[in-house]
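Report on the following structure.
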2 protein chains.
Amino acid sequence: MPLSRQLSSSRIRDDGRGIPDATVARLPIYHRVLRSLADDAVHTISSDHLAQRCGVSPAKLRKDLSHLGSYGTRGVGYEVDFLSYHISRELGLSQPWGVVIVGVGNLGHALVSYKGFASRGFEIVGLLDSHPDVVGEKVCAGETDLVVQPMAELEKVVSSSNASIAVIATPADAAQKVCDRLVAAGVRSILNFAPTVLSVPVGVEVRKVDLAVELQILAFHEQRRVDDLTPLAQVMQA
Amino acid sequence: MPLSRQLSSSRIRDDGRGIPDATVARLPIYHRVLRSLADDAVHTISSDHLAQRCGVSPAKLRKDLSHLGSYGTRGVGYEVDFLSYHISRELGLSQPWGVVIVGVGNLGHALVSYKGFASRGFEIVGLLDSHPDVVGEKVCAGETDLVVQPMAELEKVVSSSNASIAVIATPADAAQKVCDRLVAAGVRSILNFAPTVLSVPVGVEVRKVDLAVELQILAFHEQRRVDDLTPLAQVMQA
DNA sequence: AAGCATTTGTGCCTTCGTGCACAAAGTTGA
DNA sequence: TCAACTTTGTGCACGAAGGCACAAATGCTT
Ligand SMILES: NC(=O)c1ccc[n+]([C@@H]2O[C@H](COP(=O)([O-])OP(=O)(O)OC[C@H]3O[C@@H](n4cnc5c(N)ncnc54)[C@H](O)[C@@H]3O)[C@@H](O)[C@H]2O)c1
Ligand SMILES: NC(=O)c1ccc[n+]([C@@H]2O[C@H](COP(=O)([O-])OP(=O)(O)OC[C@H]3O[C@@H](n4cnc5c(N)ncnc54)[C@H](O)[C@@H]3O)[C@@H](O)[C@H]2O)c1
């Protein structure tokens with residue numbers, strides 16, 4: 001039955017696999033809040049309370065968690081450490097991931113000094129830039145210091161550090177070429193800060209962070225608020 | 001017929017107002033690509049070509065644009081300047097928006113020096129920080145220089161500059177209090193970089209940018225790729 | 001002027017995501 | 001042991017979003 005193979009496989013596995021994208025995007029939030037609760041010595045929490053701290057509805061939270069398995073106790077709630085462990089396991093945070101940053105300008109420097117990476121299981125293992133002034137600079141990244149490497153070293157850095165995630169923080173016009181070289185070097189996950197649409201072959205995932213886009217979305221709703229009030233004022237004047 | 005009221009209302013208004021969130025999130029991309037095309041002296045483009053440059057499907061692009069009105073010409077395509085103007089108008093970019101940044105640390109400095117804000121109709125009109133070493137610092141922001149103000153000046157800066165958008169780039173544990181003060185000062189749109197869930201009253205919109213979350217989503221898919229291969233290797237060994 | 005080629009705008013269908021409501025399951029207390 | 005209470009996990013219904021396919025509309029050529 002080759003047709004049903006994809007759908008059937010193992011039911012236990014299916015539970016773990018078919019996690020909706022919307023749920024995956026929220027799991028890191030749940031994980032962060034749970035870790036924070038554990039620091040405050042909270043051992044157990046109900047879906048209602050956890051949902052409130054995460055800014056989601058209780059029903060959505062429970063449905064999200066149900067995709068991972070039945071890790072709650074009815075009548076009680078969820079054990080913080082237990083649930084936190086299973087989420088981190090599902091997200092792949094039980095092992096540290098190596099990250100390479102290409103483009104160590106204003107934004108790149110901020111990223112390197114960011115402590116939120118290491119605390120969530122990511123380790124910056126390589127810095128690359130093309131500008132002579134930046135290459136060779138020693139940058140403090142968490143515990144160890146890193147030296148910015150020239151672009152010629154890209155393939156070597158990626159393969160020797162076994163990094164599978166790359167961050168692009170170069171100007172927009174350089175991003176596609178950098179992306180191509182990263183993909184050729186074996187990187188399959190890219191976080192792109194340059195305001196450009198990157199084309200990649202299938203099997204490579206690109207996520208983008210575009211601050212200007214975020215502001216423009218805010219501006220849209222801001223203007224809509226203004227427009228909604230304007231007709232009222234016009235009516236009042238008439 | 002109270003049931004059909006929501007659906008009917010005014011068709012003309014509905015066209016302008018009921019733009020789906022997913023569409024609004026893509027309009028800035030279309031706008032950026034159109035501006036780039038205009039710079040290259042392209043006057044007309046079809047939905048197929050524009051969609052390819054924007055990384056979306058042609059059907060999605062056409063449906064998105066149809067929410068703004070009928071600005072295309074059948075058999076020809078879209079006039080670049082004309083469409084660009086209508087998108088910028090819909091996004092509220094015809095007028096410049098003032099932006100206040102709270103927290104001028106590593107990330108805050110990078111944001112101030114970012115040229116992508118001014119070029120898209122946003123102007124940084126205020127910088128605020130609580131640390132004595134940072135307050136008073138002169139920072140080069142676009143054309144004009146800005147001086148970092150102490151937190152006591154927050155309300156004054158917001159009201160005098162008439163800023164309606166604020167960016168929070170403080171540590172996580174300070175974000176909620178900063179947020180409360182911004183809202184009290186009249187800010188209704190907030191872009192939050194601190195890894196915390198902010199609670200705001202209704203009518204205030206918060207968008208968050210969490211780099212660690214983005215990396216964790218990438219890590220999830222990365223691990224899923226590894227897990228999908230593992231059973232195969234086990235089968236081959238057996 | 002008329003037909004051909006091209007491209008838009010949209011109706012329809014499928015898939016995905018969300019919220020409600022409740023039965024099932026477990027705890028607590030008597 | 002049993003009943004009352006709490007909370008999870010999920011079935012269902014609804015709305016949002018995406019993709020396909022095609023009729024309508026426009027330009028171009030003859
Ligand atoms: N600074 C921000 O706050 C901010 C905000 C949003 C988006 N961005 C985007 O992030 C990117 C980086 O921003 P930034 O402010 O750090 O710019 P930047 O100019 O300060 O830094 C860019 C760095 O990339 C390097 N570089 C240039 N070409 C390269 C190449 N071909 N290969 C490798 N390295 C190269 C430069 O030497 C420089 O060090 C830009 O695309 C920008 O649009 C920045
Ligand atoms: N640096 C990054 O790349 C990065 C990435 C993702 C998220 N973040 C988040 O962005 C925020 C800022 O990051 P950063 O690297 O710039 O940190 P930072 O420590 O360099 O800067 C924080 C700034 O906020 C100021 N501040 C502290 N408390 C304040 C208060 N109560 N009111 C006003 N200002 C206050 C500090 O004086 C400092 O200047 C953090 O929440 C961080 O988690 C940063």
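Reminder, nothing fancy here: chain letters follow the sequence lines and each chain counts from 1. All values below come from the heavy atoms of this structure, side chains included, with hydrogens, waters and symmetry mates left out.
Following rounding to the nearest Å, A:His86 (NE2) and D:dG9 (C1') show an atom-to-atom distance of 16 Å. Distance, B:Phe82 CZ to C:dT8 P: 15 Å, rounded to whole Å. Remark: P of C:dT10 and CG of B:Leu65 are 12 Å apart, rounded to the nearest angstrom. Between the CZ atom of B:Arg26 and the P atom of D:dG19 there is a distance of 9 Å, given to the nearest Å. Put simply, CG on B:Leu68 is 14 Å from C1' on C:dT8, counting in whole angstrom units. A:Glu79 has its CD atom 16 Å from the P atom of C:dG26, to the nearest Å. As rounded to whole Å, 10 Å separates atom P of C:dT18 from atom NE2 of A:His67. Rounded to whole Å, atom P of C:dA21 lies 13 Å from atom CZ of A:Arg62.
Panel note: side chain B:Arg53, backbone B:Val33; no donor-acceptor pair is recorded below 3.5 Å.
When distances are taken from the side chain of B:Tyr78 to each of C:dT8, D:dA17, D:dT26, the shortest belongs to C:dT8. The A:Ala22 side chain lies nearest to C:dT18 when the options are C:dG9, C:dT18, C:dT8. Of all nucleotides listed (C:dG19, D:dG27, C:dT27), C:dG19 comes nearest to the side chain of A:Lys63. Nearest nucleotide to the B:Ala59 side chain, out of C:dG26, D:dA17, D:dC20: D:dC20.
Under a cut-off of 6.0 angstrom, the local environment of OH in B:Tyr85 is sparse, with at most 12 non-hydrogen atoms contributed by other residues, nucleotides or ligands.
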Requested in this report: Evaluate the criterion side chain to side chain donor-acceptor pair (under 3.5 Å) for residue pair B:Gln52 and B:Asp48; output intermediate values, then yes/no.
Outcome: CA-CA 6 Å; B:Gln52 193 175 9; B:Asp48 273 45; over 6 Å; no

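For C:dT7, the OP1/OP2 oxygens have no side-chain nitrogen or oxygen of B:Ser47 closer than 4.0 Å. Between D:dG19 and B:Ser57, a contact under 4.0 Å exists linking OP1 or OP2 to a side-chain N or O.
B:Ser164 and A:Arg225 share no donor-acceptor pair across their side chains, judged by distance under 3.5 Å alone.
One N or O donor and one acceptor, one from the side chain of B:Arg74 and one from the base of C:dT8, sit under 3.5 Å apart.
Across all non-hydrogen atoms, the minimal contact from A:Ala163 to A:Val100 is CB-CG2, 3.5 Å.
Residue-level contact check: A:Asp48 touches neither bases nor backbone, having no heavy atom under 4.0 Å from any strand.
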